[in-house]
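No experiment lies behind these values; they were computed from the predicted model shown. Proteins come first, then strands; the chains are lettered A, B, ... in the order of their sequence lines, and each starts at number 1.
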Amino acid sequence: MARAAGAPRRVLALGATSAIAEATLRLMAEQGASFFLVARNAAKLEAVSADLLTRGAAQVSGEVADLDDTAGHPALLARAVAALGGIDVALIAHGVLGIQAEAERDYATAEAVLRTNFLSAVSLVTWLANYFEGEPRAWRGEVEGQGVDALTATNIPHPRKRRGERRGTIAVISSVAGDRGRKSNYVYGASKGGLNVFLDGVRNRIDRAGVQVLTIKPGFVATPMTAHLAKSALFASPAVVARHILNAIDRGKDIAYAPPFWGLIMLVVRSIPGRIFKRLNL
Amino acid sequence: MGSSATSTKQAPQFESWGRYPKMQADVVPLHWTTDFPLPQAPPTKVLPVGLGRSYGDVCLLDHGTLLETSGMDRLLHFDAATGVLRCETGVSLQQILDFAVPRGFFLPVTPGTKYVTVGGAIANDIHGKNHHVAGAFGRHVLRFELVRSDGSRFVCSPVENPEWFAATIGGMGLTGLMTWAEIRLRPIVSRKIQYRGEKFHGIEEFFGLSQVATSEYTVAWIDCVSTGRSFARGIFMQGDHAPEPAPLTKSKEPRLTFPIELPAIALNRWSMAAFNSLYFHKQVGKQKTASIDYEPFFYPLDAVLHWNRMYGRKGLLQFQNVIPFESGREGMIEILKAITKSGLASFLAVIKFFGEVPSVGMMSFPKPGVMLALDFPIRKDVSFDLVERLAKITLEHGGRMYSAKDARMTAEQFQAFYPQWQDFARYVDPGFDSAFWQRVTGRRPLDG
């Protein structure tokens, strides 16, 4: 069901215990949003839920799941839709940094990073794009497994677009690392770079249906994922990044560098000619 | 974005607010209450730390492992009827105010900065301008969870594990890691404080004003530089939460940061004397009343982040003590004389009466008497001698110094100030330690 104007947001957060996601969800909780949270760790999920409820969330539910399990995605999304009565914002925030040195030596390590950061996000966005667009073929038994039965069984009407209305938002936390392959982190970078191209395509497809597809590109952020890295002045806090994300969602943006100065940095990085780039220590 | 921006780390240096002494330690950030005990037991002892607003070495551990708690910053439950807030111990007082003020609640006790974690507030049993009415922070803590290095976790309150409750409040983080705590906030209807400032000359007049004051919040700024007629002049400040309802908005974030470290020469007795003169005469009349926002009343220095950089790379020393009322006058006069004689200037000197409300913690600092707190720049041959002299005067008059501010107490002085220290030591976790605790138990000598 589409959201009535002024009604609080219904937010699905995948990877809800990620630091950037948590900070973003807090801002939405202060606005009275409802949430369905998905993460791998039950204790952490409970802590985040308590925080959001205390700060003003209308309702918080969720489940423990490993998003690497792409076969389970349709059923998971159906349960989210049922719990919330519809989704206004789907925030995809799960991901791993991986260890570049290991991924170089061993393909299986690289594959794991690609599966978590790229494939599982592709799977989720595929189903979500179809849900928001209201495309019936996704629900009609064309994929095996209980997922589709679960979806059709919930009997939620497809969102119908009215003129000028935003039917929903798919917001995905990507990274500046996807803008250009660098020797220090290209496996992670590739997982995000591929994701960026995929999201561009989905955006081009469903924009006319009134669906926002937002590619969020944070730069360096001080989170548990980067705890092992020496901090420099370039590092932003999750709270700052969250404000930019919420801003970008509200403004209907396509791509958001967070903080925005990274847009300029990456413009420069992308422009460096290859023969010079190869000699840099990036 | 060179490789230095993404190199794996050398230990980032965690500094106390005084930036003296400086020590190297591994810093392990905790983000979840389940992050401790650490997956692999560290090779060194550990110490929980928050936002580093303590001075001295109570939040340092040389070549140890600091458990940095500000990532455990979740609110867990709030009861709007009773004002009881349960939150993780890395939540700062500023975050609590951002949450509570719009809902009509304030901190029951607040120190001079809001950039302090709940854990730090409990571990140092902090006090505020309302001590004579409300006691210290620990009095407003209902319960908390304590986690020990052997993995045991238990809830502490006045009825559950009460000895652990008393040992951990004011326990300087040595009894274990607090993961969450419940505190009772107090209701307010306005951001405004009804303020009154009154000039005074001399300790006698300060005592007189303190004895008749009726406000909830009182503190006096006192000039520790001037001699002669201006000796011990100051401004006695009183405040109460305004009773008339007014919009309860969130505070704006500070925009000013002290950008550089000043060279040591910048703060000297002449520049400080000039500042003191200006500050004293800023209030033109003898008495002044006003309705002011709570921010500048409670947190004047928070408006400039990193103001401690003003003291340069060497850092500063803080001296804070309390002397019982019986010897309060003579004790304070002797202390002020010693300070003016030393030529060392301090422009952040505050003096206040502590009240009779008993402290809950075994090792808590506040007790009934006169309290003095002031900063000095660190000058070779002068500063350490002065603090030594002030510690002696404090001891002679039956007073004690505050661990959270201290870098120079000797083991003998500490043990005389807090004779219950051996009782307390039984609650110290074998896996925890601090540079302060090493010093005051005679295991680490004073440097310099």
Side-chain angles (χ1 to χ4, degrees), chain A residues 17-19 22-23 25-26 29-30 39 41-57 97 99-101 176-177 179-180 182-185 188 219-220 222-235 237-240 243 262 265-266 268-269 272 280-282, chain B residues 1-14 26-36 38-39 66-68 70-80 83-92 94-96 98-100 102-103 105 145 153 179-180 182 185 250 253 257 259:
Chain A
T17 56
S18 110
E22 215 189 327
L25 301 177
R26 275 185 185 174
E30 284 164 13
N41 180 307
K44 292 181 182 179
L45 208 44
E46 208 178 297
V48 172
S49 302
D51 182 65
L52 296 176
L53 277 168
T54 307
R55 289 176 196 274
L97 189 53
I99 300 176
Q100 172 69 22
V176 295
D179 277 18
R180 185 167 190 171
R182 300 189 286 119
K183 74 178 189 191
S184 59
N185 70 350
Y188 176 78
F220 294 131
T223 68
M225 191 174 90
T226 58
H228 61 291
L229 299 176
K231 299 291 176 289
S232 66
L234 289 174
F235 275 78
S237 70
V240 163
R243 271 200 290 278
W262 282 98
I265 295 180
M266 296 319 292
V268 171
V269 170
I272 299 173
L280 294 177
N281 208 21
L282 289 181
Chain B
M1 261 180 53
S3 63
S4 58
T6 53
S7 59
T8 51
K9 64 177 179 194
Q10 348 103 323
Q13 196 175 44
F14 185 91
D26 279 334
V27 178
V28 172
L30 303 179
H31 288 267
W32 305 92
T33 59
T34 45
D35 281 349
F36 185 79
L38 302 176
L66 301 179
L67 306 172
E68 208 275 293
S70 60
M72 294 194 304
D73 67 346
R74 291 169 197 89
L75 305 180
L76 300 173
H77 187 259
F78 180 62
D79 183 337
V84 173
L85 174 69
R86 180 169 359 118
C87 61
E88 293 178 352
T89 50
V91 172
S92 70
Q94 181 238 339
Q95 289 163 350
I96 292 182
D98 275 357
F99 172 80
R103 290 166 169 80
F105 285 89
E145 181 188 61
R153 316 173 84 91
T179 50
W180 56 259
E182 277 181 13
L185 305 179
K250 226 164 50 150
E253 289 190 16
T257 301

*Let me know if B:Phe99 has heavy atoms under 4.5 Å from chain A in its side chain, its backbone, both or neither.*
side chain

*asked:* Quick check for you: to the nearest 0.5 Å, what is the distance between B:Trp32 atom CH2 and A:Asn41 atom CG?
replied: 7.5 Å

*Contact part of A:Thr17 toward chain B, heavy-atom cut-off under 4.5 Å: side chain, backbone, both or neither?*
both

*Is the closest side-chain heavy-atom distance between A:Arg26 and B:Asp73 below 4.5 Å?*
yes

_Can you list everything that forms a salt bridge (charged side-chain N to carboxylate O under 4.0 Å, His left out) with B:Glu145? Sequence neighbours excluded, please._
B:Arg153

*Given a strict heavy-atom distance threshold of 4.5 Å, which part of A:Glu46 is in contact with chain B: side chain, backbone, both, or neither?*
neither

_Donor-acceptor contact below 3.5 Å, side chain A:Asp51 vs main chain B:Leu76_ = no

*Is A:Leu53 atom CG crowded by more than 12 heavy atoms from other residues, nucleotides or ligands, each under 6.0 Å away?*
yes

_Pairwise distance NZ(A:Lys44) to OG1(B:Thr34) - rounded to 0.5 angstrom_ = 6.0 Å

*Tell me, out of B:His31, B:Arg103, B:Arg74, B:Arg86, who's got the most heavy-atom pairs with chain A below 4.5 Å.*
B:Arg74

